[in-house]
Amino acid sequence: MAMHRGRGIAAIEYPTGMNQNGDPSQAWIKLKMDGRVDVFAGTVDIGQGSKTVHSQIVADTLGVPMDWVTMDTSNTDSSAFCMGTFASRGTFIGGNAVRLAAEKVRSRILEIGGELLEIDPGDLEIIDGEVIAKGSPDKKIGVGDIAGAATFVKGELISGQGTALKDYATLDPETGAVTIPPHSAISYAACAVEVEVDEETGDVRVIKMSQVYDVGCAINPTMVEGQIEGGAMQGLGLGLLENCYPYYPSNDHRGGQFGSYLAPSMEDLPELECIILENPSADGPFGAKAIGEMANNAQPPAIASAIYDAVGVWVTELPITPEKVLRALEAKAAGIPESVTTGKVVRYDEALSITSHQSADAAVTFAV
Amino acid sequence: MSLNITVNGTSRTVNAEPLTPLLHVLREELDVLSPKAGCQNGGCGTCTVLVDGEPRRSCLIPISAVEGAEIRTVEGLAPPGQLSTLQEAWIHHYAAQCGFCTSGFLMAATAYLENGGSDDHAEIATALGGHVCRCTGYVKILDAISAAARGDSFDLTTTAAGLRTTIKGVDQ
C-alpha cells in the first residue's frame, strides 16, 4: 500500500448579489420614545447571521449600543421588501438598506438634538446613545430624551427608510466605455489543500486546508469565520463525497435515503486554517463584500490539483470518489492518454448580451 | 396502548401505538420540541435523545422499546432559565448557525462528557462522527465541546463584547 501526498491550490473571484438591476432590499427604522431602535427588514436570517450583522450596522451608523437595536424580520409580508437571502447579498445589499435607513434616522436625531441644544447639527455627533457637541462633551443630550421630545413635544415619529438598488449597467454610446459597471463588489479567495491518496484503494483524505478570503470588511469576524469553515467542509464534500446521481444521467445507485448521500462528518475535518483579508469595496456597508456562497467553490479544484500532485492523474468529474481515482490510475498505467486537459470552449456572443442595443455585430469565440 | 416513560425527570403516560417512534411521541404527544425530525431514518443525528443516559436516535426507537425508561432531552439539560456548561460553551464559541443539528449534538456531547470524555478533538470526532452539520464545518462545535470538557467557565455577557462592535475602523 502506497500513500502519496500532494498539494494543490485554487482561487475564486465572486460577485456580490445579483448583478445588473432588479435586486433591491428595503428597510424601515423607527425610534421608540425611549430611544430604542426598531428595524423592519425582509432579509431572513437562516443562520448566517444577518440579524446580528444588520444590528451591528444600525447600531454603529446611529451611534447607539447594539442591544438597543431590535431587528424585526418576523413578517416578510408587512416588513419592508427584500429580494431574499441568496447570492451572498445579505450583508452587502440588505446591510446597505439598513445603513441608508439608519443614516436618515441619524440625521433627524441630530436635527432635533440641535434644536434642543441650540447647536448646529453639523457640530454634533452621536456616541454610545448620546448626542454630544463636538469638542465640548459636557453639552449633550441622550438619544432617548430626543426621541421622547419628538414623541411628546413635537408630535413626530423619528423614522427612516432605505433602499439598496444597483443602477442598470450602461456603456457610453460614443466611446463604449463602461459608465455603470455590471458588477457590485468582487470578493476574492484562495484555498490550498494537502491530500493523502491511497494508491491501492483510491481513497483521498484531505490533511490540511488553508484558505484566505478577502471580504472587504469583516463586520462580524466570528461569523465570517463560521461561513468560511462551513463552506470549507461543504467544498470538501463536493470535492470528494457528495453526489445525488453517481452515474448521471443514469439514476443507478442513486440511493433513496439520507444516509446514502455522503456529507462530510467531523471525522473528515482536516486541519483548517482561515485567514480573513479586508480590502474594502467602494459600495458595501463599511466596505463589506460577499462571503456566503463563495465559501465552497475553491476547495474542489484545489483537491483535484492536489490529487494530480500526489499520483499524477487528473480527475475532472466531481466528486472524486475512490472509483474515479482508481480508474484514472488504471488508464494512466495502460498508457491511455488523458481526455481531460482540453478544457471547454466558451462562446461569447455580444448580440445576445446586455449591450447589444449599443454595439451591433461582434461575436468572439475563445478556448479556455 | 398506554405506556409510561420518564421525560426529563417527570413521569408521563402516553397513549400510542407500540411502534410509534419515540421522536413522534415526544414532539407530537408531549410537546417536547427540542429533538428535531431530520432525515427520520437514523442518518443525521438531530433527533438524538438520551435513553437511560445513552445517546439514541429517537426516530428509530419504537415507543414500546423504552417503556419505563428515563429520557433526557435538551429541555432537561439545566433547570428552567439556566444553561449547562456545554450549552454556555455552545453560545460562547458560536457553535450553532441554523441550529437544526444543535439538539442532537448537545445530547450526544452531554453523554460523551458524562462518560468522562476528554477535550481531544480526535476522540470527540469519533464519538460524534455520526452527527451531520452543514453550516459550521464542525470547527466551532469541536471548540465548544473541548471547552466544556476542560471545564472552562464562560461569562456570556462578554461574549457579545468579543465581537467587533466598532466597524468603522476599516479604511475605505
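No hydrogens, no waters, no symmetry mates; every other heavy atom, side chains included, goes into these values. Proteins come first, then strands; the chains are lettered A, B, ... in the order of their sequence lines, and each starts at number 1.
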- Taking atom CD of B:Glu17 as the centre, does the number of heavy atoms from other residues, nucleotides or ligands within less than 6.0 Å exceed 12?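 Counting neighbours around CD of B:Glu17, 12 or fewer heavy atoms of other residues, nucleotides or ligands fall under 6.0 Å, so no.
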
Donor-acceptor pair, distance only, cut-off 3.5 Å: does the side chain of [X] make one with the backbone of [Y]?
X: B:Arg72; Y: B:Leu50; result: no
X: B:Ser58; Y: B:Cys47; result: yes
X: B:Asp143; Y: B:His93; result: no

- Decide yes or no on side-chain hydrogen bond (donor to acceptor under 3.5 Å, both in side chains) for A:Glu271 and B:His121, but give the supporting numbers first. CA-CA 11 Å; A:Glu271 182 186 341; B:His121 280 201; over 6 Å; no

- Task: Heavy atoms only, distances under 4.5 angstrom: which of A:Met233, A:Gln257, A:Glu267, A:Glu225 has the most pairs with chain B? Name it, please.
- Result: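 Looking at each of A:Met233, A:Gln257, A:Glu267, A:Glu225 in turn, A:Glu267 comes out on top.
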
- Message: Shorter than 4.5 Å, heavy atoms on both sides: which option in B:Cys135, B:Gly43, B:Ala125 has the most such pairs with chain A?
- Response: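 The residue among B:Cys135, B:Gly43, B:Ala125 with the greatest pair count is B:Ala125.
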
- Residue selection (most heavy-atom pairs with chain A, distance under 4.5 Å) from B:Ile141, B:Leu128, B:Thr126, B:Val132: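 If we count pairs closer than 4.5 Å to chain A, B:Thr126 comes out on top.
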
- Query: Tell me, side chain or backbone of A:Pro264 under 4.5 Å from chain B's heavy atoms, or both, or neither?
  - Reply: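 Both backbone and side chain.
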
- Query: So what's closer than 4.5 Å to chain B heavy atoms on A:Leu272: side chain, backbone, both or neither?
  - Reply: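 Just its side chain gets close to chain B.
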
- Tell me, side chain or backbone of B:Cys44 under 4.5 Å from chain A's heavy atoms, or both, or neither?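 Both backbone and side chain.
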
